[in-house]
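Quick note: numbers below take in every heavy atom, side chains included, and nothing from hydrogens, waters or symmetry partners. When a ligand or atom number is given, it counts from 1 through the structure's own listing order.
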Amino acid sequence: MNIKCAIFDLDGVIVDTAKYHYLAWKKLAEELNIPFTEKENELFKGVSRMRCMEILMELGNIQLSQEEQVKLATKKNEWYVDYISVMTDDELLPGAKEFLIACKDVGIKTALGSASKNAPRILKALAIEDLFDAVIDGNKVSKAKPDPEVFIKGAEECGIPAENCVVFEDAYAGIEAAHAGNMLGIGVGTKENLPIADVIIAGLHELTVEGMKEILNDK
Ligand code: BG6
Ligand code: MG
C-alpha cells in the first residue's frame with residue numbers, strides 16, 4: 001500500500017496514559033469487589049468510558065442503574081484526571097513526537113483517532129496539537145471502537161482515502177476498528193495481546209518512516 005496518512009491512537013501509543021486508565025478502573029473495581037488485573041484491562045483499552053463501565057459490570061456480574069453507572073464512571077474519570085493533571089513531557093512515549101514530525105517532514109498527513117474525551121486536555125498539556133492535521137477524539141464521535149467512525153473521520157478530515165491510511169493502535173478494539181474501516185493496523189504492544197494486527201512494534205521508537213514505508217509496500 002501507498003501510505004499517505006498515519007492515524008494514531010493517543011493513550012498507549014503517543015502518551016503513557018494507559019497505565020492511569022488502568023489504575024483508575026482498578027480502584028473502582030476494588031470498591032465494587034470485582035477482581036481486576038492487567039488481563040481484564042485489555043478489554044478496556046480503546047473503548048469509550050461508558051462502554052468500559054458496562055464491561056466492568058459484565059466482569060462483576062452486577063447490574064447498576066444508568067444513573068449509578070454515570071456516577072461511577074464520573075468518579076473513575078475524576079481519579080484519572082487527577083493522575084494526568086501533573087503530566088509533563090515525560091509522559092510522551094519514546095519516539096512518538098519524533099515519528100510524528102518525521103511523517104510531516106515527508107508529507108504524510110497525521111491524524112489523532114482517540115476514544116478519549118480527555119484528549120484535548122492531554123494534547124494541550126504536552127503542546128503537541130500542531131503535530132496533527134486532524135484531531136478526532138471521544139467528543140467528536142458517537143460510535144466507540146471497534147466501530148471505525150473515529151478513523152474514517154480522521155482520514156476524511158485529512159482528505160485521504162482509507163486505503164492509503166495506516167492506524168497505530170495499542171488496543172485490540174482499535175485494530176478491529178482499523179480493519180472495519182479498510183485500513184491496515186499496526187499494533188503497538190505484543191503479538192499476544194494484538195494477534196490480529198498487520199504488523200507489531202513495541203513502540204514508535206522502533207520504527208522510522210522509511211522502515212514503515214518498506215513494511216507497508218508489501219501489504
Ligand atoms: C481510550 C482508552 O484511549 O480512551 C480507554 O484506551 C478509555 O481505556 C477511552 O476508556 C475513553 O477515555 P476517557 O478519557 O474519555 O475516559
Ligand atoms: Mg490506546
Under 2.8 Å from the Mg ion (ligand 2), how many protein N/O/S atoms do you get? Just the number, please. 3

Any luck finding a side-chain donor-acceptor pair between Ser114 and Asp137 under 3.5 Å? no

Present, as a list of atom pairs with distances to 0.1 Å, all nitrogen or oxygen contacts under 3.5 Å between ligand 1 and the protein.
residue	atom	partner	partner atom	Å
ligand 1	3 (O)	Asp11	OD2	2.6
ligand 1	6 (O)	Gly46	N	2.8
ligand 1	8 (O)	Phe44	O	2.9
ligand 1	10 (O)	Val47	O	2.8
ligand 1	14 (O)	Ser116	OG	2.6
ligand 1	14 (O)	Asn118	ND2	2.7
ligand 1	15 (O)	Arg49	NH2	3.1
ligand 1	15 (O)	Lys117	N	2.6
ligand 1	16 (O)	Arg49	NE	2.7
ligand 1	16 (O)	Arg49	NH2	3.4

Is any side-chain heavy atom of Lys4 closer than 4.5 Å to a side-chain heavy atom of Cys165? no

Residues forming a side chain to side chain contact (heavy atoms under 4.5 Å, CB included) with Cys52, sequence neighbours excluded: Trp25, Phe44, Val47

Within 45° of the axis and under 6.0 Å from the centre of the six-membered ring of Tyr80, does NZ or CZ of Lys76 qualify? yes

Do we see a donor-acceptor contact under 3.5 Å between the side chains of Asn118 and Asn77? yes

Using side-chain hydrogen bond (donor to acceptor under 3.5 Å, both in side chains) as the criterion, list what pairs up with Tyr20, not counting sequence neighbours. Glu91

Checking side-chain polar atoms at under 3.5 Å, does Asn41 have a donor or acceptor matched by the opposite partner on His21? no

Under a 3.5 Å distance rule, please check whether Glu40 uses its side chain to pair with a backbone N or O of Thr37 as donor and acceptor. yes

Is the backbone of Phe36 close enough, under 3.5 Å, to the side chain of Lys26 for a donor and an acceptor to pair up by distance? yes

